[in-house]
Amino acid sequence: MNPPESPRRDAALPPLAVLGAAPAFDEALHVGRPNLGDRSRFLDRLNDILDRRWLTNNGRYVIELESRIAALVGVRNCVLVANGTIGLELLIRALGLTGEVIVPAFTFVATAHALQWQEITPVFADIDPATHCLDPESVEAAITPRTTGIIGVHVWGRPCAVDELQALARRRGLKLLFDAAHAFGCSRGERMIGAFGEAEVYSFHATKIVNTFEGGAIVTDNDELAEKLRLMQNFGFRGYDRVIYLGTNGKMSEVAAAMGLTNLESLDELIEANRANYRAYAKHLAGLPGVRLFPYDERHRSNYQYLVTLVGEDAPLTRDEIVAVLHAENVMARRYFHPGVHRMEPYRTRFPDAHRTLPRTEAVCRQVLVLPTGPALAEATIERLCGIVRSALENAATVRERLAARGTPTSQ
Ligand code: T4K
């Protein structure tokens, strides 16, 4: 006779870990599992770097990656940097932004921090619930005499309303730039994201579609701006012993660039694997009450880097209850960008009423549930994961009761 899975397990209940069963997965299933590309190609490059003893400061691999990215995006300049955040900071400074800059609160905190770090006030505008990107009308309403710029974020790789933002920026004399951390390899129609505004910034953090362990890039058609960024990213050096500008250290290393080149060679396969996962989730989540996949617009190319679902008010469990159910099964689902940047410090203290002007941001922050994706994920795993969600929703009352008994917060 088999022993019960756990002393608390009731045989009449579905085999959910929150109800006492063993977790469905022995090892944690993470959102943001790094893509590695062809390991032997990376190791060949690594050996070459070690053999040549050229580790950083604009080496061969950095130069090669910059030219490949510029060609892929269709822009004249790519400046690789140590991470996306420093890329934003450099660009903000190089463009001479001051006073106030309008940003979404539905973004990773780095977008706002890159401004505040330089004593520039991020002013939060609301989003379009269809795209999760800045709503141009809300941006216009946030403009004051102190506003100098707008930073759009192409959230989940879906393009911002670039035409409307461009027209608004032109009309009001503001600089427009984009945080394209999610959007490497994505397009708006035929034009690649990266080619809009004054410049755009990618992140190549470990969790991104193409990673350089840590890293980022600023892409722009503006040669003068690119030149300034190159100086600023390397202490202001122009040649040996000659500093002509205020700068910092924002350089990318050769090993990082080697990883980027290796990942880039697999970009098409990585995107195809994520797209296949998206279709598999669509199949296995079909018909679940209140849970739907974030839609992509087929007119634009996406990298499907994030598998985004939305848990509506009509779902029998809240988003946070589903997160608790999944975590108990070892599925490390994430609530990006909960609770919204406006509810994080120092903004929360500085702008305690910001949430009043951000109703759509607030609603989306309560709904988004990001699930694992990536080339290592088998369809059988996706089916099992979706089966857990289905089973939890079908037994919502019992699940809720058990979560409450454990003291798990069920909504925030
Ligand atoms: N703008 C936007 C819109 C961004 O999304 C980001 C970064 C930036 C700007 C700034 O760019 P960077 O300066 O980072 O280049 C993660 C990433 O750290 C962050 O890069 C990313 N956005 C953000 C959306 O996600 P966390 O706090 O969720 O990271 P963490 O450590 O919890 O990792 C996420 C998941 O990935 C975990 O469940 C575990 C897994 N993971 C992570 C790492 C680092 C791995 O399996 N292996 C790993 O090596 O922020």
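Just follow the structure's listing: the first ligand is 1, and inside any ligand the first atom is 1.
Applying the 4.0 Å criterion to heavy atoms of G215 picks out, from ligand 1, the atoms 15 (O). The contact set between ligand 1 and Y306, taken as ligand atoms under 4.0 Å from a residue heavy atom, comprises 24 (C). Atoms of ligand 1 found under 4.0 Å from any heavy atom of R33 (numbered from 1 in listed order, with element): 45 (C), 46 (O). Those atoms of ligand 1 that come under 4.0 Å of a heavy atom in A110, given as number and element, are 8 (C), 9 (C), 10 (C). Numbered from 1 in the order shown, with element, the atoms of ligand 1 that lie under 4.0 Å from a heavy atom of P34 read 45 (C), 46 (O), 47 (N), 48 (C), 49 (O).
Ion pairing between E64 and R68 holds under the 4.0 Å rule for side-chain N and carboxylate O. Salt bridge E379/R279: absent, no basic N to carboxylate O contact under 4.0 Å. Using a 4.0 Å cut-off between charged side-chain N and carboxylate O, R356 and D353 make a salt bridge.
Formation of a donor-acceptor pair under 3.5 Å by the R360 side chain with backbone atoms of I127 is found in this model. Side-chain atoms of N83 come within 3.5 Å of backbone atoms of I86 as a donor-acceptor pair (strictly under, hydrogens ignored). Side-chain atoms of T148 come within 3.5 Å of backbone atoms of T98 as a donor-acceptor pair (strictly under, hydrogens ignored).
Between G84 and ligand 1, an N or O atom pair is found at a separation short of 3.5 Å. Residue T107 has no N or O atom closer than 3.5 Å to an N or O atom of ligand 1. In terms of polar-atom proximity, E214 is not counted as a contact of ligand 1, lacking any N or O under 3.5 Å from an N or O of the ligand. Distances between N or O atoms of V31 and those of ligand 1 include at least one value under 3.5 Å.
The single protein non-hydrogen atom nearest to atom 13 (O) of ligand 1 is T85 OG1, 2.6 Å, given as residue, atom name and distance. At the shortest separation from atom 4 (C) of ligand 1 among protein heavy atoms lies F108 CB, 3.3 Å. Of all protein heavy atoms, the one closest to atom 18 (O) of ligand 1 is H205 CE1, 3.1 Å. Residue, atom and distance of the protein heavy atom nearest to atom 38 (O) of ligand 1 are H30 ND1, 3.2 Å. For atom 15 (O) of ligand 1, the closest heavy atom belonging to the protein is S203 OG, 2.7 Å. Annotation: atom 27 (O) of ligand 1 to nearest protein heavy atom, R334 NH2, 3.9 Å. When hydrogens are left out, the protein atom nearest atom 43 (C) of ligand 1 is T207 CG2, 4.2 Å; that is the closest non-hydrogen contact. Scanning the protein heavy atoms around atom 22 (N) of ligand 1, the nearest turns out to be K208 NZ, 2.9 Å.
Summarising the contacts of atom 34 (C) of ligand 1 with Y202, F106, F204, Y336, the nearest heavy atom is found in Y336.
Within 4.0 Å of atom 31 (O) of ligand 1, not a single protein heavy atom is present. Put simply, atom 11 (O) of ligand 1 has protein non-hydrogen atoms near it, under 4.0 Å away.
Here the side chains of V139 and L165 are in contact, with some heavy-atom distance below 4.5 Å. When side chains are defined from C-beta on, I143 counts as touching L174, because their heavy atoms get closer than 4.5 Å.
At least one test fails for R334 against the ring of Y306: distance under 6.0 Å to the centre or angle within 45° of the axis. Geometrically, R238 does not engage Y245 in a cation-pi contact, judged by NZ or CZ lying under 6.0 Å from the ring centre and within 45° of the ring axis.
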key: CA sep, side-chain torsions, deciding dist, call: F124, F106, ring-ring contact (aromatic ring centres under 6.0 Å, His included)   = CA-CA 9 Å; F124 300 114; F106 191 71; over 10 Å; no
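Contacts between V155 and ligand 1 below 4.0 angstrom, taking non-hydrogen atoms only, are absent altogether. Looking at H182 against ligand 1, only its side chain comes within 4.0 Å, counting heavy atoms.
Checking I209, V219, N211 one by one against F184, the side chain to side chain contact (heavy atoms under 4.5 Å, CB included) holds for a single residue, I209.
Judged by distance alone, the side chains of T144 and E100 do bring a donor and an acceptor atom under 3.5 Å apart.
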